[in-house]
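Reviewing the structure listed below.
Each chain gets a letter, A, B and so on, in the order its sequence line appears, and its residues count up from 1. A quick note: this is a predicted structure, and the numbers were derived from the prediction, not measured.
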Amino acid sequence: MAIALTVGVLVAGGVFMMLRRGMVRVVIGFMFLNHGVNLIILAAGGADRRGEALGGSPDPATTADPLPQAFVLTAIVISFAVTIYLLVLAVTGDADDDTDLELTGREMETPTFIEDAGGSTALPADELGPRAVRRTGSHSSRRRRPPGGRP
Amino acid sequence: MSLLVILALAVLLVPAAGVLGRRAGRNAGWPLAVGLLALAGGLVAVWDDRADPGGVVQQVPWMPTLGISLGLRLDGLGLLFGLLVLVIGAVVVAWSSRYLGSGGHASFYTLMTFFAAAMLALVLADDLVVLFVAWELTTLCSFLLIARSGPEGRDPAIRTFLVTAAGGLCLLTAVAVMWAATGTTRLSAVLADDVWDASPGLAAVVAVLVALAAFTKSAQFPFHAWLPDAMVAITPVSAYLHAAAMVKAGIYLMLRFTEALHAVPVWNVLLVSVGLLTALMGAVLALQRHDLKELLAYSTVSQLGFLTATIGIGTEYAAVGAAVHVAAHALFKSALFMAVGVIDHQAGTRDIRALSGLARTMPATAGIMVLAAASMAGLPPLLGFVSKEAMFKAMAHSPAPDAAVWLVGTVAVLAAACTFAYSVRMLTVLPGRAPADAPREAAAAFLAPVAVVALAGPALGLAGSVAEPLLGAASTAVAGSGAEPDLGLWHGWSPELFMSLAVFGLGGALVLARRPVDRVLGRRSFPVTGVAVVEAFRRGSIALGEQVGRPTRSDVPRRHLMPPVVSLVALAAVGLLTVEVPGLYGDPSTVTDWVLLVLVLIGVALALRARSRVGLLTIAGDVGFAVALWFYALGATDVALTQLLVEVLTVVVIVLLLNRLPSTFHRTGEVRGWVAAAVAVLVGAGAAAATWLLTDRRALSPAGRYFLEEGEEQTGGTNVVNTILVDFRALDTLGELTVLGVAGIAIVVAIESRGLLPKRPSPITEPDASPIRSPRDNMVVLRVTARTLGPVIVALSLFFLLRGHNAPGGGFISALIGAAGIALVYLTAPDDRVSRMRLPYTRFIGAGVVVAVVVGLLGLLEGSFLRPLHVDVLGIHVTTALVFDVGVYLAVVGVIVAAISRLGVDEKEPLPLRHAGSASSVLHSGPPATTTTSKPHSRETAPVGTVHDEQDRTRPPLPERPDPFRGAGPAAGEGH
């Protein structure tokens with residue numbers, strides 16, 4: 001019962017994260033989903049036998065099924081590699097869903113205490129041709145060099 | 001010499017043709033012609049040496065588990081078509097050596113010999129699979145040969161391919177049906193099976209499928225459009241395609257299946273009706289054309305119609321008629337195409353209206369054309385007359401009702417009369433006065449190959465008995481020995497003679513009434529052309545594909561993620577309602593489980609509320625640790641260890657990219673949030689229900705029991721999970737390793753090609769004097785730790801690697817530990833630009849995969865890929881599974897190092913110059929973990945961000961820069 005509920009919580013949380021904006025959120029949602037699915041696979045081996053499959057001649061009556069464990073082990077490592085790849089996609093290329101604010105005119109989910117600190121009052125994005133501003137911004141930032149690098 | 005050797009030599013001729021075509025240019029045609037003729041000689045030799053009068057059979061095992069063998073069989077039909085393929089091929093390539101221009105012709109000769117080899121394989125195939133493969137190869141060859149004729153060849157090539165490949169799919173279906181029905185793929189056995197008599201329905205299905213395949217290949221109505229369309233190809237290609245290769249494949253297929261299908265009514269009706277319609281239509285269209293080559297193309301369509309109709313009659317004598325006409329058509333059509341090619345080459349045009357007086361200026365070519373065209377018109381004493389008589393005889397003696405026989409005879413006579421008329425029309429270029437810039441006669445070497453095939457017409461017409469054994473063997477192979485070909489010119493006053501006389505009369509009238517005929521035909525006879533229909537199909541299918549794919553053409557991840565998730569919910573709902581669930585084996589939940597559930601619940605709830613990326617990352621790490629504890633609680637020690645290490649390394653990687661992203665997330669819209677929440681709750685409930693209802697309801701699985709009981713005995717290892725990974729299911733692990741390697745390479749490629757986003761200004765805005773500004777000083781603790789722990793961690797990882805077979809550890813875990821050590825060293829650098837790691841990560845990945853594969857190949861010594869070998873070295877038991885684990889280790893470390901070293905620094909950024917007291921030049925030493933300020937998004941949102949402002953703001957914090965913590969006013973006003 002506890003496993004089933006844990007799986008439900010992880011899957012629901014993962015799916016909710018994946019359906020919101022921002023690549024990092026999607027990636028974290030993907031990780032939660034991985035956790036949930038891995039738990040399902042382990043549960044498929046049966047949660048009533050929990051002995052470690054180690055040492056000479058383990059007792060089949062009390063030892064956990066080793067086959068799902070092997071599956072999950074490889075699954076973890078593969079999903080790790082995919083997670084890294086997804087993370088790389090979040091920070092390569094042009095400004096996109098993760099960085100691009102003006103595209104939709106939405107505000108950041110800024111914690112209120114920082115808003116109070118000032119500086120983040122977002123003006124209506126379409127007021128001054130946000131697209132143009134963004135383009136100029138990202139281009140100039142690409143040409144930018146670290147200050148010490150100039151000979 | 002055996003059939004296999006001949007086929008192998010034909011295949012070997014293909015690369016030889018490539019080399020020759022590059023070295024010798026167009027002259028490569030001569031040696032290739034000699035080679036093809038030698039192969040034809042080989043075929044005859046094999047035939048003469050046969051022990052069984054029926055033919056020669058050779059079987060070579062190919063896919064024994066499926067019962068498929070490389071079966072070859074040479075019977076009379078195969079011999080006839082094989083000789084046509086090789087001899088006409090030889091003539092055409094010999095002729096090409098003068099037709100082509102100077103320069104390299106490697107691709108042309110390669111494709112022509114490949115075509116010949118594919119056709120040879122087709123006619124020798126005694127296995128359905130081999131037959132189908134060869135069939136598809138001929139489609140491919142014709143596509144390539146048409147496509148290489150330049151930009152205007154592109155669309156015709158694609159249309160040809162689409163039409164003939166559609167026929168290929170029909171043949172594939174037919175092959176599958178026949179294989180399923182007869183249980184064998186051996187062609188001769190399939191054809192002789194009694195299933196054709198036993199189940200008429202099946203026979204009808206196969207008959208329609210085979211007929212459709214043959215119709216597309218042999219350009220029968222309504223698939224005829226591709227053949228004239230393909231006229232853009234150079235003339236040698238057309239000559240070969242029309243005379244012996246591509247279109248004859250369809251005729252061969254129909255003749256081959258006559259043995260099984262000749263009594264199936266659908267087969268007879270379909271072939272005779274479509275064949276005669278095509279014959280008449282093609283002949284009329286040919287009469288309409290002024291381009292000699294186009295005229296010949298429609299003539300081929302018409303002649304193939306005659307053949308199809310004759311085959312469809314299905315009697316013994318019909319097989320004779322078809323066999324004779326196949327040979328006759330191959331000879332006169334190749335001669336005509338090459339003669340037209342000669343005229344085109346010398347005169348620069350193929351238009352009947354622009355040419356005249358060729359009899360005077362090019363007498364030899366004119367003589368060849370007369371011979372070949374007379375054979376096509378069916379005039380005695382040429383082979384064309386004999387073959388047309390044979391076909392008429394088959395039609396006149398068909399077992400069909402009288403009315404049908406009369407109808408068939410009438411249509412055939414009409415079509416043949418049109419054939420007579422357009423054959424004569426071709427010759428109108430010969431008489432008349434030669435223009436001033438008259439073309440000169442071609443060289444003897446250019447004309448010799450054409451003359452050979454053109455003279456074969458009268459020679460075989462007069463001395464038909466020479467060809468009787470070959471054609472008799474062919475017709476016997478098709479329809480049994482009931483009919484012997486009688487190739488004499490005079491058969492008495494028989495119906496076929498009257499038909500021929502009618503043809504000459506009607507044809508003569510058509511020739512004499514040329515002007516009125518032209519007036520009638522000059523109007524467009526069909527409102528739609530076949531090419532337009534094919535083109536419309538092609539465009540339609542592309543447009544349809546666009547419509548089908550439209551929903552997925554979006555950059556928004558939600559669009560791609562939502563459909564599978566929703567269908568999963570639907571699946572779960574169906575499952576809940578329909579699946580009968582067995583009783584619970586016992587609820588095994590313990591107190592620990594409930595504690596862990598609460599931990600996960602808290603983690604997930606916090607993650608959903610997190611607004612900043614750092615916060616989310618921290619909480620996600622906590623959830624990962626809780627899940628690792630879950631694994632441990634379930635007795636999966638290795639899995640728990642792996643999860644723990646992966647969690648650590650994921651955090652390291654995310655930390656590296658946080659300073660390229662805004663610190664907080666976008667606000668999600670209300671509606672969207674609610675939809676997402678609803679879907680998420682449904683999926684979560686479905687997953688929980690499925691887990692609850694489908695697990696814990698049975699005892700230990702048999703596989704699990706086997707691994708637990710036999711693991712140590714079979715592998716010598718006591719860590720059962722690891723023995724599964726490297727011994728029992730090593731192939732899975734090898735696949736996984738490869739996936740990892742690909743992910744690593746993909747990471748490097750993605751960063752290399754797309755570039756990293758620029759770094760954001762550090763939100764840490766401490767004054768210069770603050771001790772926090774100096775990363776070097778800040779790193780002291782970590783650096784000392786790393787210096788001490790580094791070697792220990794490496795040693796630890798090796799220890800885990802070595803003991804993995806017997807205790808928790810193994811390739812994955814040890815590699816993750818090692819990578820964690822490397823990550824620690826990386827994090828202790830004062831500046832990520834100076835800590836650029838020089839480890840050759842791509843080589844690590846490659847070496848890992850190579851080591852694993854080589855170990856797998858060593859296993860072949862023991863009989864199976866990836867079987868571990870056990871060796872005792874100096875009394876220590878060593879297994880190659882350990883070496884395999886080393887491969888795993890290398891690949892995993894490679895991937896992680898690739899990510900760390902490529903993400904940490906944009907390699908295009910130059911190294912900073914080291915000023916004295918360069919504290920201020922070192923800024924982005926880590927994530928904005930301690931103080932989160934509004935700085936990053938003030939850059940994003942301030943609309944007045946001009947270029948200068950941007951640069952100013954992204955420079956390192958300069959002394960005069962206003963600090964948001966000192967007062968809200970200046971920060972808010974910045975940039976205005």
Pick one of side chain, backbone, both or neither for [X], based on which atoms fall under 4.5 Å of a heavy atom in chain A.
| X | answer |
| --- | --- |
| B:A703 | side chain |
| B:N722 | neither |
| B:A807 | backbone |
| B:V639 | both |
| B:E709 | side chain |
| B:V565 | side chain |
| B:I724 | side chain |
| B:W692 | both |
| B:V627 | side chain |
| B:L649 | both |

Can you measure from [atom1] ([X]) to [atom2] ([Y]) and round to the nearest 0.5 angstrom?
| X | Y | atom1 | atom2 | result |
| --- | --- | --- | --- | --- |
| A:F80 | B:L740 | CZ | CG | 9.5 Å |
| B:Q643 | A:H35 | CD | NE2 | 5.0 Å |
| A:Q69 | B:F707 | CD | CZ | 12.0 Å |
| B:W630 | A:T6 | CH2 | OG1 | 4.5 Å |
| A:L89 | B:L657 | CG | CG | 11.0 Å |
| B:L596 | A:L39 | CG | CG | 9.5 Å |

Heavy-atom pairs under 4.5 Å with chain A are the metric here; pick the option from [options] that has the most.
| options | answer |
| --- | --- |
| B:G711, B:G744, B:A633 | B:A633 |
| B:V653, B:V683, B:L608, B:T723 | B:L608 |
| B:A743, B:A899, B:A746 | B:A746 |
| B:V721, B:V675, B:L634, B:V600 | B:L634 |
| B:A815, B:P808, B:A685, B:A690 | B:P808 |
| B:N806, B:T637, B:V742 | B:T637 |

> Hey, mind stepping through B:I654 and A:I28 against side chain to side chain contact (heavy atoms under 4.5 Å, CB included) and telling me if it holds?
Replying inline: CA-CA 10 Å; B:I654 299 185; A:I28 300 281; 4.2 Å; yes
Part of [X] lying under 4.5 Å from any heavy atom of chain B:
| X | value |
| --- | --- |
| A:L87 | both |
| A:M1 | both |
| A:F32 | side chain |

Max heavy-atom pair count under 4.5 Å with chain B, selected residue of [options]:
| options | result |
| --- | --- |
| A:D59, A:L10, A:I40 | A:L10 |
| A:V26, A:L73, A:V15 | A:L73 |
| A:G51, A:G46, A:P58 | A:P58 |
| A:A70, A:G13, A:A64 | A:A70 |
| A:A53, A:P68, A:A61 | A:A53 |

>> Assess the residue pair B:R902 and A:V88 against the criterion (side chain to side chain contact (heavy atoms under 4.5 Å, CB included)); give the C-alpha distance rounded to whole Å, side-chain angles, the decisive distance to 0.1 Å, and a yes or no.
In response: CA-CA 9 Å; B:R902 294 311 295 261; A:V88 165; over 6 Å; no
I need the minimum non-hydrogen distance between [X] and [Y], along with the two atoms involved.
| X | Y | value |
| --- | --- | --- |
| B:D696 | A:A47 | OD1-N, 2.7 Å |
| B:A687 | A:V11 | CB-CG2, 3.9 Å |
| B:T695 | A:A43 | CB-O, 3.5 Å |
| B:L700 | A:P60 | CD2-O, 3.7 Å |

Determine whether [X] and [Y] make a side-chain contact, defined as any pair of heavy atoms from C-beta on separated by less than 4.5 Å.
| X | Y | result |
| --- | --- | --- |
| A:F16 | B:V681 | no |
| A:L54 | B:V720 | no |
| B:F728 | A:L67 | no |

>> If we count only N and O atoms by modelled type, under 3.5 Å, do the side chains of A:T74 and B:E736 hold a donor and an acceptor together?
In response: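 No pair is found: no donor N or O on one side chain lies under 3.5 Å from an acceptor on the other.
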>> I'd like to know if B:D593 pairs up with A:R50 as an ion pair, taking the criterion as any Lys NZ or Arg NE/NH1/NH2 lying under 4.0 Å from an Asp or Glu carboxylate oxygen.
In response: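 A:R50 and B:D593: salt-bridged.
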>> Taking side chain to side chain contact (heavy atoms under 4.5 Å, CB included) as the criterion, tell me which of B:L725, B:N719, B:L708 meets it with A:P66.
In response: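 By the side chain to side chain contact (heavy atoms under 4.5 Å, CB included) criterion, A:P66 pairs with just one of B:L725, B:N719, B:L708: B:L708.
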> Hey, mind stepping through A:I76 and B:F812 against side chain to side chain contact (heavy atoms under 4.5 Å, CB included) and telling me if it holds?
Replying inline: CA-CA 10 Å; A:I76 290 175; B:F812 289 116; over 6 Å; no
> Do the side chain of A:T92 and the main chain of B:L756 share a donor and acceptor less than 3.5 angstrom apart?
Replying inline: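 Checked: no pair found.
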>> Please determine whether side chain to side chain contact (heavy atoms under 4.5 Å, CB included) holds for the pair B:R613 and A:R25, giving the CA-CA distance in whole Å, both sets of side-chain angles, and the decisive distance to 0.1 Å.
In response: CA-CA 8 Å; B:R613 287 181 164 78; A:R25 254 184 196 156; over 6 Å; no
